[in-house]
Amino acid sequence: MAYLDTAGLEWCRGLLLGHEFLTLMCLECHVATRPQLLPDPQLDPISALVFSITQDLPPEIPSPQHLKVAGVDLVTRTGLTDLAVLHVDSEADLLEEAIRLVTTWDPDMLVGYEVQRGSWGYLLERGLALGVEVVARLSRVPEGARASHHLEEEDEYGTEHTSQIHLAGRVVLNAWRLMRSEAALQSYTLQSVAFQILHTRIPAFSHTQLTAWWLADTTRGRTLGHLLLRCRLTLDLLHRLDLVPRTAELARLFGIQFYDVLSRGTQFRVESMMLRLARGRNMVAISPSVQQRAAMKAPEWIPLTLEPLSRFYTEPVVVLDFQSLYPSVMIAYNYCYSTCLGRIHLLHNPPPQPYSFGTAHLRLPPDPKQLLEMVDEMNVSPCGVAFLPSRVRRGVLPVMLEEILNTRLMVKASLKRCGERDASLRRVLHSRQLGLKLIANVTYGYTSANFSGRMPCSEIGDSVVSKGREILERSIQLVNSHPTWAAQVVYGDTDSLFVHLPGRSRSQAFVTGQEIAAAVTKMYPKPIKLKFEKVYLPCLLQTKKRYVGYMYETPDQQEPVFDAKGIETVRRDGCPAVAKVLERSLHLLFDRKDVSLVRQYVQRQLLKVMQGRVSLQDLTFAKEYRGARGYRPGACVPALQLARQWTRRDPRKEPRAGERVPYVIVYGAPGLPLIQLVRCPSTVLADASLRLNATYYITHAILPPLHRCLALLGVNVNAWYTELPRPSTLTASTSTLPGSSSGPSIARYFTPVACVGCGADTTAAPAGRGAAGGQGLCGGCKGSPQETVLRLGERFRTYERAVDHIRQVSCSLEMVCEACVGCRLQEVECISLDCPLTHRRTMAGRDLQAAHHLHSLLDDF
DNA sequence: TACGCGGCCTAA
DNA sequence: TCAGTTAGGCCGCGTA
């Protein structure tokens, strides 16, 4: 440690104090766009750059803060008083100033929410277009130009996983891509991520809007304010997710560089640890060629997944699983590259040596019979591969895994010890133990990688899987045959057991569950351990990898937790309405155990959909776009179709690979394939002739998942739909429907006097047909239904656009101008399906009511 | 109408 | 110039 100078000591001290000594700089560009087009660096100049900088320094370390003020005017003309603004004369000066700022602050990480087409990427491309050297001057080393580059090539992988921008000495973070691996969301726009993670709503302004504001002196500040908000939120997101410290911790743990944690795969991490250990034993890893890898014997074993006894269980089901089964197996049976003797039958009848093993060859001692002398001691896996006993040689992988698992236990212990005192230390320890768990679990994956694996070995992979299978099978047998448990294994997948305990109470289930865990653990060598996980009461086993139940993790837990695996409540390929209806239905079923309540609930929701009273958002699907070359030639999927449409209009509008593309389904001529009915949500808002396809949503999206659950109880969900009144008789019979007396129809509270079609007085006319609607029209309008439908449809669309607009603006109002004149906030029920929240909206309430009323009138025709 | 296939997403 | 694995369910479409 002779080279540890004072700066190094300072750094260590900083770590102890919870400081990372890092500077992050987030950038957004404002580019004045041509109408309806997105910025193009070849043509559109940057009009403004907005930065936000954070530093993680202890207070006694001086920061270059004072430098910011030098040469910068504090400008109030924009209306933003807390913003330091610097005017420059030309775009070239702007770039120079940006470079100066970067070199002054010397940030370690350059951040942008989207750094390929916006932010730093736009800056670099603009520099290229103007002939200003930017890339090299942003790097940290004099010869930076060589090590830094801004990729323009068509590399699907690079585009999808990295920022594509490399600057020597600095890390470039593409925030939205990081978010993609942080949380499973419907959409990864800054607006939705900020809402989901920071619970902050921000408006989405189009480039056209931002440009319009920028061009007028009085509104220019809005554009800057919005971009600054984006910068700050991006940094807030990283902070909230603890992303930089967590990544740094993983880098230390695996002994790899910070950026490699984000950009490289798990293989790299395993190798980094494994090679370190192997070197101490004077071993190196083989480097098989592509041909050798291709010639490797294919894996033959697959994990055991039982076909579940699928039904609704109203008595306890205990779930147990083996703790880190595969790593435990490798430790317990000494499975490793360095201990493998190949197939046992080859030891008995030695073929000409060396013989094929993994991607390479194995050379045994001249007389393999010697080895056979200790055949009783050997670990022979169920697939017939022999491994040395640890007495003879302890494998590298087992040693590594053992160290990892032990370290993890230590870390978890100190996590417990440190209590609530030190939040930052807790976070570090927590991410360390998570990282350890992760690396333990992918070590198996490393041995059985075949497509891209660097050192795959199907013999080891197969041994682990076959041993895992054997362990699970023997455990099942034990549980099923135990005399006093009276238990039945009803499902199991790879390393888990679902045990049905009929006639037992919840607390009895906990006791028996612990007994099972202990008894099974006793059957196997250390560290193989079956762990009691949870009791389900009740639960629904649908199919392999799909189940749901109320979960209790401790005997004294009073309120159960809804726990679903694989079903639509946890999937992102349906629309939110599907997940909400399904989850609420299951809650009702589990809580009240009364199918008729579920039926009432579901029918109310179906009516909402038919009446168009479900928000557009709840009916919006979103699927990942794979990039233009990511599909088969004939592929015909919504995401690709919409992406093509957008790209035709504006090449810069093509979604990034990995981005989620939203779409809805509208009505169309009968017989049309579904793909023809796909529309972008904003198109539907803008086009009065388009209506959401209620029939599709009900029969193809909402009901099938529900049916798969409730069919297990012998309920025919589809009948619930067919017995509902058709739209033509909807309003007349609404009041006879179960539960509708307390139904949420806003129209019932809305009694217009003037005809909503033409404005004539309707009070003189005879009363309408039902309580809910119909009386809003005069006789003349009722007489010409087509015309009225058309007129109302258009009005409806206008209201919906207004509501949408207000929704956007009201968000910004709440933040930007609390003092907005005459802005009377009104409590309105959220229109989302059963959302318990009420949202503050300005004016939106009235427009919403009008829109809903019109829509229910439309259903009359 | 059954079946295979591509696409998408999740469990482990 | 790098990319852990397989199983499995379900949707929509085209074809025999």
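Letters go in sequence order (proteins before strands), and every chain restarts at 1. Since this is a predicted model, take the numbers as computed values, not measurements. Heavy-atom basis, side chains included; hydrogens, waters and symmetry copies ignored.
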In whole Å, I'd like the distance from the CG atom of A:L397 to the C1' atom of C:dG4. 14 Å
Among C:dG12, C:dG4, C:dT6, find the nucleotide with the atom closest to the side chain of A:I302. C:dT6
For A:M273 and C:dG4, what is the distance between atoms CE and C1' respectively, to the nearest whole Å? 16 Å
Between P of C:dG14 and CD of A:Q676, the distance in whole Å: 10 Å
May I ask you to check whether A:Y313 and A:F498 place their ring centers less than 6.0 Å from one another? no
Nucleotide C:dG8, atom C1' - distance to CG of A:L304 in whole Å: 14 Å
Tell me what A:P704 touches on the nucleic acid: a base, only sugar-phosphate, or nothing, going by heavy atoms under 4.0 Å. sugar-phosphate
Nearest-Å distance, CG (A:L541) to P (C:dG8)? 16 Å
So which one's nearest nucleotide on DNA chain C is more toward 5', A:P303 or A:Q542? A:P303
Rounding to an integer number of Å, can you tell me how far A:N693 CG sits from C:dC11 P? 16 Å
A:I675 near the nucleic acid: base, sugar-phosphate alone, or nothing, with a heavy-atom cut-off under 4.0 Å? sugar-phosphate
Nearest-Å distance, CD (A:E300) to P (C:dT5)? 19 Å
Nearest to the side chain of A:K544 - C:dT6, C:dG9, C:dT5? C:dG9
Distance in angstrom units between A:L674 CG and C:dG14 C1', rounded: 15 Å
Under 3.5 Å, is there a donor on one side chain and an acceptor on the other for A:Y491 and A:S310? no
Ring centroids only, cut at 6.0 angstrom: are A:H587 and A:Y550 within range, meaning strictly under it? yes
Between A:K467 and A:Y333, is NZ or CZ placed under 6.0 angstrom from the six-membered ring centre and within 45° of the ring axis? yes
Tell me every residue that passes side chain to side chain donor-acceptor pair (under 3.5 Å) with A:D260, counting only those two or more places apart in sequence or in another chain. none
Side chains of A:D493 and A:T305: donor-acceptor distance under 3.5 Å anywhere? yes
Which letter, B, S or -, goes with each nucleotide of nucleotides 3-12 of chain B from 5' to 3', with contact meaning a protein heavy atom under 4.0 Å? ---SSBBSBS
When you measure from the centre of the six-membered ring of A:F254, is the NZ or CZ of A:R252 closer than 6.0 Å and no more than 45° off the axis? no
Taking any heavy-atom pair under 4.0 Å as a contact, classify A:P705: base, sugar-phosphate, or nothing. nothing
A:R708 has its side chain closest, among C:dC11, C:dG12, C:dA7, to C:dC11
